[in-house]
Each structure stands twice: as C-alpha cells, then as structure tokens.
Amino acid sequence: MKLRPYEKADATYIMQWITNERVHAMWSAGKLPYGFLEEELQALLEAEAQAYHQKAYIAVSDSNVPIGSFCMNFNAQDNSVFMCRIIVDEKERGKGYGYQMLTEALSLAFTTMDADCVRLSVFDCNMPARRTYEKVGFQEESFCADAFSFKEEKWGRYILKAEKGIVV
C-alpha cells in the first residue's frame with residue numbers, strides 16, 4: 001500500500017464507499033448532505049484546504065486501486081496533525097488495510113511533517129474504527145458526550161492522540 005494526494009477523480013471511489021446514511025454521518029459529521037455530489041465534495045475539500053491547509057490523501061493497493069482515504073491538517077501552533085474523514089472501502093475491510101493506511105499516515109505526519117502528535121476523532125458508536133486506531137497506537141485524550149446527533153441518536157465523540165516516538 002502507498003499513499004498519494006487526492007485527485008478529483010477519486011470522489012467517485014469515496015462516494016461508492018459510503019454505503020448508507022449512517023456510514024455517511026460517521027464519515028462527514030454533517031459537513032456534506034447525504035447523497036452528495038462530486039462537486040460538493042470537491043468544494044468542501046477546497047474550502048478546508050484554504051481555511052486549514054488541509055490535504056486529502058488516497059491509499060492505494062499494491063495494484064494501484066484506491067481502497068481508502070483521509071484528510072490531514074498541520075497545526076503549527078502546537079506542532080500537531082489532525083486527521084479526519086477516514087474511510088476504507090467496505091469491501092476491503094478486515095484485511096488490514098485500515099491499519100496499514102493509518103501506519104502510513106502516521107509515518108507521513110511524524111517523518112515528513114515532523115509533527116509531535118496526531119489527533120483524530122471517532123464517534124462512540126464506531127468501535128471497530130476505534131479498535132483499529134488503538135491498535136496503531138492512538139490513545140484516548142478526551143470524550144464529549146452527545147457531541148453529534150444522527151436521527152434519534154446522540155453520539156459521543158472521542159479525541160484520540162498518537163505521539164511521536166510512541167508509535168511507528
């Protein structure tokens with residue numbers, strides 16, 4: 001597996017990986033409407049690149065097929081990276097690709113960006129993702145109950161942190 005910068009054509013893959021409204025809510029946290037268009041995703045990524053210097057990445061298999069995606073932004077004030085919109089193709093889950101993608105992302109953050117830590121958030125209803133994050137080396141930093149509403153549900157949000165020298 002390797003990482004490469006996101007390209008406009010990758011929107012098609014991401015849209016296919018979001019298989020239902022719940023997965024969409026966990027991935028977008030309300031930043032895009034369910035059933036979004038490629039142009040809407042592109043506009044969001046461009047706006048966040050402008051506002052937060054955020055960059056989107058695609059994880060590709062050894063046969064160069066996109067299998068996952070995430071975004072990262074570097075915060076110079078505390079020398080940290082925040083990861084968001086992390087997703088792996090549902091058909092490829094359970095094969096270790098999420099673990100590999102996160103390991104590569106941490107290597108990028110700690111080696112190339114020279115960050116001291118990487119943070120991400122995960123909803124309390126997404127325990128499979130949290131277990132993968134912890135397996136890579138993320139640890140709980142904080143928790144906010146009732147941080148997000150999805151239909152009749154209230155989801156809590158964990159902030160997880162991986163520190164340079166502890167992982168990768």
Side-chain angles (χ1 to χ4, degrees), residues 1-75 81-109 111-113 115 118-133 135-136 138 147-151 153 155 157-160 162 168:
M1 167 183 293
K2 67 178 181 174
L3 301 179
R4 66 164 171 76
Y6 170 89
E7 299 168 357
K8 287 182 183 182
D10 294 324
T12 304
Y13 292 103
I14 294 171
M15 293 169 72
Q16 291 171 3
W17 300 337
I18 298 171
T19 55
N20 60 57
E21 196 171 352
R22 187 180 185 85
V23 169
H24 172 266
M26 283 187 235
W27 174 79
S28 75
K31 297 261 182 156
L32 286 169
Y34 180 60
F36 62 89
L37 303 172
E38 289 180 36
E39 297 80 23
E40 292 173 306
L41 175 57
Q42 190 61 36
L44 175 65
L45 293 175
E46 289 173 5
E48 290 182 342
Q50 189 75 25
Y52 309 115
H53 307 289
Q54 185 166 283
K55 294 181 181 174
Y57 295 90
I58 294 291
V60 295
S61 67
D62 292 338
S63 55
N64 211 34
V65 175
I67 54 175
S69 179
F70 61 92
C71 296
M72 296 177 104
N73 63 52
F74 182 76
N75 181 340
V81 166
F82 187 80
M83 291 182 68
C84 64
R85 253 176 255 103
I86 303 164
I87 192 165
V88 172
D89 181 352
E90 189 175 270
K91 293 178 289 213
E92 301 298 338
R93 292 183 191 156
K95 299 178 183 178
Y97 290 130
Y99 179 87
Q100 284 182 279
M101 181 175 77
L102 290 163
T103 300
E104 291 293 323
L106 289 175
S107 179
L108 174 67
T111 305
T112 306
M113 299 175 167
V118 176
R119 289 183 179 88
L120 55 78
S121 67
V122 62
F123 292 117
D124 60 0
C125 61
N126 195 355
M127 292 311 292
R130 180 175 172 158
R131 282 191 294 275
T132 300
Y133 301 146
K135 186 177 176 184
V136 174
F138 283 89
F148 187 80
S149 296
F150 174 73
K151 297 190 177 192
E153 300 175 42
W155 296 347
R157 179 180 290 155
Y158 291 98
I159 301 297
L160 305 182
V168 180

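Note that the structure is predicted; figures quoted are calculated from it, not measured.
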Task: Exam field: side chain Ser121 to backbone Tyr158, donor-acceptor pair closer than 3.5 Å - done: no
Task: Tyr13 atom OH, over 12 foreign heavy atoms within 6.0 Å - done: no
Task: Check: Trp27 side chain, Arg85 main-chain N or O, donor-acceptor pair, under 3.5 Å - done: yes
TODO: Output yes when a side-chain donor or acceptor of Ser107 lies under 3.5 Å from a complementary backbone atom of Thr103, and no otherwise.
DONE: no
Open item on the list: With rounding to the nearest 0.5 angstrom, report the CG to CZ distance, Leu160 to Arg119.
Closed with: 11.0 Å
TODO: On the 0 to 90° scale, with breaks at 30° and 60°, tag the Tyr133-Phe138 ring pair as parallel, tilted or perpendicular.
DONE: perpendicular
Task: Pairwise distance CD1(Ile87) to CE(Met101) - rounded to 0.5 angstrom - done: 9.0 Å
Open item on the list: Can a donor-acceptor pair be found, under 3.5 Å and without considering hydrogens, that links the side chain of Asp62 to the backbone of Met1?
Closed with: yes
Open item on the list: Let's go through Trp17 and Ser69 carefully: what are the C-alpha distance in whole Å and the side-chain angles of both, what is the deciding distance for side-chain contact (heavy atoms from CB on, under 4.5 Å) to 0.1 Å, and is it a yes or a no?
Closed with: CA-CA 10 Å; Trp17 300 337; Ser69 179; 3.8 Å; yes
TODO: Carefully, step by step, assess Lys2 and Val60 under the rule side-chain contact (heavy atoms from CB on, under 4.5 Å).
DONE: CA-CA 6 Å; Lys2 67 178 181 174; Val60 295; 3.5 Å; yes
Open item on the list: Just checking Lys8: does its NZ atom have more than 12 heavy atoms from other residues, nucleotides or ligands closer to it than 6.0 angstrom?
Closed with: no
Open item on the list: Quick check: closest heavy atoms across Tyr99 and Val136, and the distance to 0.1 Å?
Closed with: CD1-CG2, 3.4 Å
Open item on the list: Working to the nearest 0.5 angstrom, can you tell me the gap between Glu48 CD and Glu46 CD?
Closed with: 11.5 Å
Open item on the list: So, taking the atom named CG in Asn126 and the one named CD1 in Ile86, what distance separates them when rounded to the nearest 0.5 Å?
Closed with: 10.0 Å
Open item on the list: Rounded to the nearest 0.5 Å, what separates atom OH in Tyr97 from atom CD in Glu104?
Closed with: 13.0 Å
TODO: Grab the two heavy atoms, one from Pro66 and one from Ile58, that are nearest each other, plus how far apart they are.
DONE: CB-CG2, 3.7 Å
- [ ] Determine whether His24 and Leu32 make a side-chain contact, defined as any pair of heavy atoms from C-beta on separated by less than 4.5 Å.
- [x] yes
- [ ] For residues Gly98 and Val88, report the shortest heavy-atom separation together with the two atoms involved.
- [x] CA-CG2, 3.8 Å
Task: Spacing of Arg4 atom CZ and Asp10 atom CG [to the nearest 0.5 Å] - done: 4.0 Å
Task: Closest non-hydrogen atom pair, Phe74 against Met113 - done: CE1-O, 3.8 Å
- [ ] Identify the two heavy atoms, one from Leu102 and one from Met83, that lie closest to each other, and give their separation to 0.1 Å.
- [x] CD2-CE, 3.8 Å
Task: Non-hydrogen atoms of Leu3 and Ala105 that approach each other most closely - done: CD1-N, 3.8 Å
TODO: State, with a plain yes or no, whether a side-chain heavy atom of Ser61 is found less than 4.5 Å away from one of Glu92.
DONE: no
TODO: Apply the test side-chain contact (heavy atoms from CB on, under 4.5 Å) to residues Arg22 and Cys125: give CA-CA distance (whole Å), side-chain angles for both, the deciding distance (0.1 Å), then the verdict.
DONE: CA-CA 10 Å; Arg22 187 180 185 85; Cys125 61; 3.7 Å; yes
TODO: Using salt bridge (charged side-chain N to carboxylate O under 4.0 Å, His left out) as the criterion, list what pairs up with Lys91, not counting sequence neighbours.
DONE: none
Open item on the list: Could you walk me through whether Phe148 and Met26 satisfy the side-chain contact (heavy atoms from CB on, under 4.5 Å) test, starting with their C-alpha distance in whole Å, then the side-chain angles of each, then the deciding distance to 0.1 Å, before giving a yes or no?
Closed with: CA-CA 10 Å; Phe148 187 80; Met26 283 187 235; over 6 Å; no
Which pairs of donor and acceptor atoms, one on a side chain in residues 33-41, lie under 3.5 Å apart (sequence neighbours left out)?
unit_1 : atom_1 : unit_2 : atom_2 : d
Glu38  : OE2    : Thr12  : OG1    : 3.4
Glu40  : OE1    : Leu37  : N      : 2.7

